[in-house]
Amino acid sequence: MADRSVFLLMASGQIETAEFPEFDDIFLKYSFVQGLDWMITSGIENGMTQISKKSRDQKQIFVYNFPLDITFKSTNPYGWPQLVIQAFGLDVFGNEVIRGYGTCHVPIVPGRHKLCLPMFVPESASLLQMFLSWIMSRRPEFIDPCVVAQGEGRDVTRVRSQGFVEVTFNILTKDLKKLGYDVLPSDVLNPAIPESVGVKSGDA
């Protein structure tokens, strides 16, 4: 018998494109981060895309079309899953370095969603540290990339915006409403009915 005290969140889609105008040969790593009450019932929690070169047209985008497919179950919405993306490339010495971090919550409303994730990189605290990190090919990066999905300590970290990643999601939920959670937009729950509806032209 199915557990009536849980709900399901099914998310499929893909990491579509990325923009890093200053770089080339970029690949992405992704992982899903969720609260303690959440459990993955099917799908892949983390993975890595192929290396992509930016297009030679004016857009200069990286195309991945890398599939995402995962299903969660939980007893409450606290700790709603987030998608964390890391971008990597090669520096002038051929070393693998971080090109950006980005995160977003998995959409809560069923349907198709297209999201643009702003990417950022940590910065050195001083010019000397910046120079040394460039010489030693040791750019500042997070020990645990999932820290970008948390709020603690983010306010004291120096970062710089760098690029964008576009992701599409197809969201399905099950039994959310049975547990008292309604995620439909208010304009769908309470649609505005035009005054002219149901009024004949001769009755006005």
Side-chain angles (χ1 to χ4, degrees), residues 1-18 26-50 64-88 98-122 140-157 159 161-186 188-189:
M1 184 175 178
D3 189 349
R4 296 180 181 274
S5 64
V6 303
F7 62 84
L8 297 178
L9 170 66
M10 292 157 275
S12 63
Q14 59 185 8
I15 302 174
E16 291 195 340
T17 60
I26 298 290
F27 68 93
L28 309 176
K29 294 181 180 180
Y30 77 89
S31 56
F32 287 95
V33 180
Q34 61 279 342
L36 297 177
D37 291 331
W38 291 74
M39 181 180 297
I40 296 174
T41 61
S42 66
I44 302 176
E45 185 176 6
N46 49 58
M48 182 172 66
T49 71
Q50 73 278 13
Y64 297 97
N65 294 330
F66 191 85
L68 301 171
D69 190 6
I70 195 165
T71 300
F72 301 90
K73 73 175 181 180
S74 181
T75 57
N76 69 78
Y78 181 79
W80 195 274
Q82 296 183 60
L83 173 67
V84 175
I85 292 182
Q86 308 168 70
F88 291 91
I98 189 72
R99 294 302 189 200
Y101 295 95
T103 184
C104 69
H105 280 88
V106 175
I108 65 174
V109 179
R112 180 176 173 81
H113 306 265
K114 188 169 186 176
L115 306 179
C116 183
L117 281 62
M119 305 293 284
F120 63 88
V121 288
E141 60 181 274
F142 297 116
I143 297 175
D144 179 8
C146 294
V147 73
V148 303
Q150 304 168 3
E152 297 180 6
R154 289 283 304 278
D155 54 336
V156 296
T157 305
V159 298
S161 297
Q162 186 165 277
F164 297 90
V165 173
E166 285 196 347
V167 181
T168 57
F169 281 107
N170 298 298
I171 302 297
L172 289 173
T173 60
K174 186 177 185 296
D175 293 337
L176 261 175
K177 199 165 187 177
K178 288 183 180 180
L179 298 180
Y181 304 112
D182 210 330
V183 296
L184 288 177
S186 59
V188 175
L189 292 174

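Please read these numbers as outputs of a predicted model, since none were measured by experiment.
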Do [X] and [Y] touch side chain to side chain, with heavy atoms closer than 4.5 Å?
X      : Y      : result
Gln34  : Met39  : no
Glu166 : Phe164 : no
Gln14  : Phe66  : no
Ser74  : Trp80  : no
Gln50  : Phe27  : no
Ile15  : Ile85  : yes
Lys73  : Lys174 : no
His113 : Ile171 : yes

Minimum heavy-atom distance [X]-[Y], with the two atoms named:
X      : Y      : result
Gln162 : Arg99  : NE2-O, 2.7 Å
Pro67  : Tyr30  : O-OH, 4.5 Å
Phe169 : Pro107 : CD1-CD, 3.5 Å
Cys104 : Leu115 : SG-CD1, 3.8 Å
Gly13  : Asn170 : CA-ND2, 4.2 Å
Ala87  : Ile98  : O-CD1, 3.2 Å

Can you tell me how far apart [atom1] ([X]) and [atom2] ([Y]) are? Round to the nearest 0.5 Å.
X      : Y      : atom1 : atom2 : result
Leu8   : Thr173 : CG    : OG1   : 9.0 Å
Met48  : Phe88  : CE    : CZ    : 9.5 Å
Leu9   : Leu176 : CG    : CG    : 7.5 Å
Lys178 : Ser5   : NZ    : OG    : 12.0 Å
Ile70  : Ser42  : CD1   : OG    : 8.0 Å

Query raised in the report: Given Tyr64, which of Ile26, Val165, Val167 fulfils the side-chain contact (heavy atoms from CB on, under 4.5 Å) condition?
Result: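 It is Ile26; the other options fail the test.
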Requested in this report: List the steps, then state whether side chain to side chain contact (heavy atoms under 4.5 Å, CB included) holds for Leu28 with Gln86.
Outcome: CA-CA 6 Å; Leu28 309 176; Gln86 308 168 70; over 6 Å; no
Report task. Tell me, yes or no, whether the heavy-atom count around Ile44 atom CD1, taken from other residues, nucleotides or ligands under 6.0 Å, exceeds 12. Result ->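 Count not over threshold, so no.
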Query raised in the report: Do Phe7 and Trp38 have ring centroids that are under 6.0 Å from one another?
Result: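 Yes - the distance between ring centres of Trp38 and Phe7 falls below the 6.0 Å cut-off.
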